[in-house]
Amino acid sequence: MCGIVGYVGPKPALEVVVEGLARLEYRGYDSAGVAVLSDGKLQTEKRAGKLANLRAALQANPRSADGIGIGHTRWATHGAPTDGNAHPHVDEMNRVAVVHNGIIENFAQLRMELEERGCKFRSETDTEVVAHMLSEQLTEHNGDLGAAMRSVCRRLEGAFTLVAISEDDPGLVVAARRNSPLVVGRGNGENFLASDVAAFIAHTRDAIELGQDQVVELRADSITITDYDGAPAQVREYHVDWDASAAEKGGYDYFMLKEIAEQPRAIADTLLGRVAVDGTLTLDEMRLAPEELRQISKIVIVACGSSYHAGLIAKYAIEHWCRIPCEVEVASEFRYRDPILDPQTLVIAISQSGESMDTLMAVRYAREQQSRVLAICNVNGSTIPRESDGVLYTHAGPEVGVAATKTFLTQLVACYLVGLYLAQVRGLKFGDEINAIIGQLARMPEQVEKVLNTVQPVRDLARSLAEAKTVLFLGRHVGYPVAMEGALKLKELAYMHAEAFAAGELKHGPIALIEDGLPVVVVVPSREGRSVLHDKIVSNIQEIRARGARTIVIAEEGDESVRPYSDTLIEIPAVPTLLQPLVATVPLQVFACELALAKGNDVDQPRNLAKSVTVE
Ligand code: BG6
């Protein structure tokens, strides 16, 4: 999820673009770059690191801009955050520059075709193929950048927002989108493009949201929008009534609320580019050869916080699909308990930030013991992936809220992919079996969207419990780590005591805690899975209700068996057993967030916490 800006008009384009990038820096900040036309000549400047590095480079090497420019802050998906991989990318003749947000799934095929035609690539990114393709199409279309863009987009697969300028037409910025945000800012004698309105809201509040598969040709005094075949397109014009700060949050009051809402997109993006056309999984980016993975006899997952809970859920899936023993450990404990590791042990380090020192130390220890280490991480090029043998990146985009939400769900998706990939390379599942599960995963964004559209009762419930002193959480099977994650969210955000138990453990002690009116959240497993688990947890609900608990039950829609014992019933879509955490977690995130807001807490920056703890 990168930040993109385009401008054409009488103002100093470089200044307008860089200021716009500054408003988008929260979207991605591991490199930044700009391209302008200066006296008709295309000029680019790009730097790894924060936007400040780019500003310094521009100050050291000032240039004019002919009232036209594009810019980009990168959240790396393909290729480490280096100067060379930073956007914009240009063709070999330095005729056209392009910036890109998203993932081009068929870039490898396109790159191969371009190299066969003699193209020389300078970067590892998927984006660079677009620069070379645009250059070819500009020649085909006599310098018409709009036609060139439409022609290129018809060949691309995946999710992308593209913005380009070329020397062929110094007054024109062209952009295109598919499954990735792009909005036009209509000014007076000037026009803007951006990933979101935050970039240009200081200049204009009149916006046009582009639809799917559309191309916009922007001049200072005109905006032309077509589909990929050149036919005029219908668009939605609107007036932005957010202030600049709210605009960064997409109109939400807090980043966490925005990030909860982004979860369907984050899941879809994490699946992108990992399933080949024949349905097999292609995780070669993991850099762990199939023969290495076939030697694995044990898996140990190490992580902290929410990432640890993701690992607990991963264990159920990996052991069920791969029949490999899978231990899950809190990194800070693993590191110092002299664990038994060997070259046949695969250590999977799950870390959103890639910087948690507890997890990093566990990774170093594992490698000293000659174990293979696979990182599952959300920040491209961070320390833990760099010190691991292989990495599978989640594509949640930057998560600004300290409490993990969208990165947690994308960690689950990544863990499912690793489990399925292990089953694939070890021949434990046929292609059709894997494909069936991938198909179920591909439907999860819409299932999560359904939950997000029905959580108002959860918000109302949360506000009614603002004075509660404690909340207990119960679950079984994959629902138990979900209950743990729900309890952690409440601790992190509402500063309340909250505790999760395996529902089967209730009778061995925790049931003594049950008293009149005590809120207990129960995550009910799918009826389609191990139905015995479902029946047992219904008994657990009856047991605690009989002792006065206020039962808050999360169950599949249509599960009438729990209704008589539920003071509040929160229904979620019926999904396959092992994938249920993707939908069951969302109401718990909303519950904790809303209860915290009812208490007046800052959910983006909860007290005492940090987004990434880089000390042991
Ligand atoms: C905590 C964060 O500091 O670290 C949690 O507040 C996170 O949200 C935990 O789950 C682990 O962080 P990471 O980056 O290693 O996943």
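Source: prediction; values computed, not measured. Atoms within a ligand are numbered from 1 in the order they appear, just like the ligands themselves.
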Which of the numbered atoms in ligand 1 are below 4.0 angstrom from a heavy atom of [X]?
| X | result |
| --- | --- |
| Ser307 | 10 (O), 13 (P), 16 (O) |
| Ser353 | 13 (P), 14 (O), 15 (O) |
| Ala404 | 8 (O) |
| Ser306 | 10 (O) |

Flag the pair [X] and [Y] as a salt bridge only when some basic side-chain nitrogen lies within less than 4.0 angstrom of an acidic carboxylate oxygen.
| X | Y | result |
| --- | --- | --- |
| Asp389 | Arg367 | yes |
| Arg364 | Glu368 | no |
| Lys315 | Glu319 | yes |

Quick test: of every protein heavy atom, which one is nearest to atom 4 (O) of ligand 1, and how far off is it to 0.1 Å? Lys611 O, 4.3 Å
Protein heavy-atom partner closest to atom 6 (O) of ligand 1 - residue, atom, separation in Å: Ala610 O, 3.2 Å
Would you call the rings of His87 and His72 parallel, tilted or perpendicular if under 30° counts as parallel and over 60° as perpendicular? parallel
So if I apply the side chain to side chain donor-acceptor pair (under 3.5 Å) rule between Lys406 and each of Gln411, Glu262, Gln263, which one comes out positive? Glu262
Close approach, Val402 and ligand 1, non-hydrogen under 4.0 angstrom: yes
Should Ser356 be counted as touching ligand 1, given the test is an N or O pair under 3.5 Å? yes
Test of ring centre spacing under 6.0 Å for His309 and Phe408: no
Lys249 to Phe255 six-membered ring, cation-pi geometry met (6.0 Å, 45°): yes
Heavy-atom nearest option to atom 11 (C) of ligand 1, drawn from Cys377, Cys304, Ala303: Cys304
